[in-house]
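To start, the structure under review is shown below, and the notes come after it.
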2 protein chains.
Amino acid sequence: MKILEMTTQLVLENGFAGTTIDQILAKTQITKGAFFYHFKSKSDLAYYLMRHFADSDMSVMNRVLADTQGHERNALERLIAFVDWFVAEFEGLNEPYMCLYASYLYEPEQFSDDTKQIVADSILLWRKELEELLEGAKKQVPSHVEFDLASLADHFTVIMEGAFIVSKALNDPSLTAQHLLHYKKYLELIFRVK
Amino acid sequence: MKILEMTTQLVLENGFAGTTIDQILAKTQITKGAFFYHFKSKSDLAYYLMRHFADSDMSVMNRVLADTQGHERNALERLIAFVDWFVAEFEGLNEPYMCLYASYLYEPEQFSDDTKQIVADSILLWRKELEELLEGAKKQVPSHVEFDLASLADHFTVIMEGAFIVSKALNDPSLTAQHLLHYKKYLELIFRVK
DNA sequence: TTTACTAAACAAACTAGTTGGTACAAATAT
DNA sequence: ATATTTGTACCAACTAGTTTGTTTAGTAAA
């Protein structure tokens with residue numbers, strides 16, 4: 001929905017508490033009446049904003065999983081292709097990407113448990129899917145280095161989120177892709193790819 | 001200062017825009033008169049809050065740099081000892097650590113350029129010091145893997161910041177140390193330790 | 001006598017949310 | 001086939017409460 005997408009932009013710039021309904025009205029060109037027709041309250045908006053963001057995020061993840069399914073015979077190649085997709089995606093940006101999960105996590109008192117649960121569930125879904133990719137690679141190429149599957153899966157998300165922050169701090173969008181390449185290199189070293 | 005430290009806690013829970021001066025007065029047990037005696041405005045507070053946080057951060061970094069100076073003869077050991085210090089530090093926490101840099105970066109419109117510059121400068125100081133540690137290690141143990149010094153230095157900060165977020169999302173303080181151990185393992189693989 | 005406050009009242013601006021209405025299309029009744 | 005009702009989507013103006021910041025008059029101590 002247009003309102004949700006435009007408001008997400010405002011929230012990423014001002015924080016949720018720092019975004020006023022009047023700002024949303026000015027940006028989306030709707031009236032207060034229309035706003036409260038669609039949302040019971042500002043905190044109701046917070047919930048739908050996060051649902052929308054998480055839905056998009058999950059659908060990107062699933063699309064990339066589907067797109068890399070062609071590599072089925074080679075699990076390690078598929079894992080690398082998955083990471084490469086995001087490298088390419090973030091190489092194409094000309095301003096730092098920002099994530100609504102992180103935005104909400106840095107003002108947690110503003111949100112209901114329901115809303116925060118969406119964040120946790122989304123991150124656990126990234127863990128689950130990456131864990132499967134890693135497991136496949138591990139079976140195919142028994143690694144000489146020991147590692148915990150879930151933790152190495154989370155490490156992808158950790159690097160993404162951290163890269164968004166450092167990119168933003170230094171106003172250098174290219175950093176995100178660079179740090180994903182470190183994750184890729186780490187995997188290659190673990191699986192002793194040449 | 002007591003006010004700055006307590007207010008930082010409030011800001012990390014509510015965001016800066018979401019923290020009211022009345023909340024600060026309630027928490028610090030000072031009066032409105034005292035608050036405006038110390039700070040010209042709320043945005044003046046934002047600046048001193050960040051200065052205080054960055055000063056603490058830089059002094060931790062410098063203390064750990066000094067503490068690991070005993071390893072001078074072995075640059076790689078010193079680098080690893082530096083990382084290990086933070087692993088130990090974050091292993092000892094029983095609630096997720098949160099960083100004011102990230103907090104400010106996720107509501108950038110709330111702050112003056114001066115304030116945001118402190119964040120950028122601090123991150124660049126981490127880069128500078130880690131770059132030197134990495135350079136020492138590289139000279140000592142010419143690595144078989146190619147890497148960019150600045151980027152691998154930033155990668156430490158990236159992993160820290162990302163780990164704070166994932167720790168917070170899953171409410172698992174132990175994750176931060178785990179992900180720093182991934183950075184350590186990555187360095188060991190790059191420098192073919194073991 | 002300057003520094004560091006306290007207590008309380010106050011104002012101007014802002015903010016979330018309400019109210020009472022309109023426009024219009026689809027469903028239902030006559 | 002026409003009239004009436006119903007529901008959806010919206011608007012403009014208003015209200016109640018909050019928030020930042022000021023002011024004033026006074027206290028305690030170094």
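So you know, we letter chains A, B, ... as the sequences are listed, proteins then strands, and number each from 1. This one's a predicted model, so the numbers in the text were calculated from it and none came from an experiment. Side chains are part of it too, since the values below use all heavy atoms of this structure and drop only hydrogens, waters and symmetry mates.
Ring pair Phe53(B)/Tyr101(B): centre-to-centre distance below 6.0 Å.
Across all strands, Thr19(B) comes closer than 4.0 Å only to sugar-phosphate atoms, never to a base (heavy-atom distances).
Side-chain contact between Leu49(A) and Tyr104(A) is present, with heavy atoms from C-beta onward closer than 4.5 Å. Between Asp154(A) and Leu130(A) the shortest side-chain heavy-atom distance does not fall below 4.5 Å.
Checking side-chain atoms of Asn14(B) against main-chain N and O of Leu10(B) turns up a donor-acceptor pair under 3.5 Å. Between the side chain of Tyr186(B) and the backbone N or O of Leu189(A), no donor-acceptor pair lies under 3.5 Å. When atom types are taken as modelled, the side chain of Lys32(A) and the backbone of Leu25(A) share no donor-acceptor pair closer than 3.5 angstrom. Remark: side-chain polar atoms of Lys42(A) are not paired, donor with acceptor, to backbone N or O of Ile21(A) under 3.5 angstrom.
Contacts between chain A and DNA chain D, taken as any atom within less than 4.0 angstrom of a protein heavy atom, begin and end at dT8(D) to dA12(D).
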Shorter than 3.5 Å, N or O on both sides, protein versus nucleotides 6-8 of chain C: list them out with atom names.
{"from": "dT6(C)", "atom 1": "OP2", "to": "Thr31(B)", "atom 2": "N", "distance (Å)": "3.2"}
{"from": "dT6(C)", "atom 1": "OP2", "to": "Thr31(B)", "atom 2": "OG1", "distance (Å)": "2.7"}

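Partner of Phe86(B) under the ring-ring contact (aromatic ring centres under 6.0 Å, His included) criterion, chosen from Tyr97(B), Trp126(B), Tyr183(B): Trp126(B).
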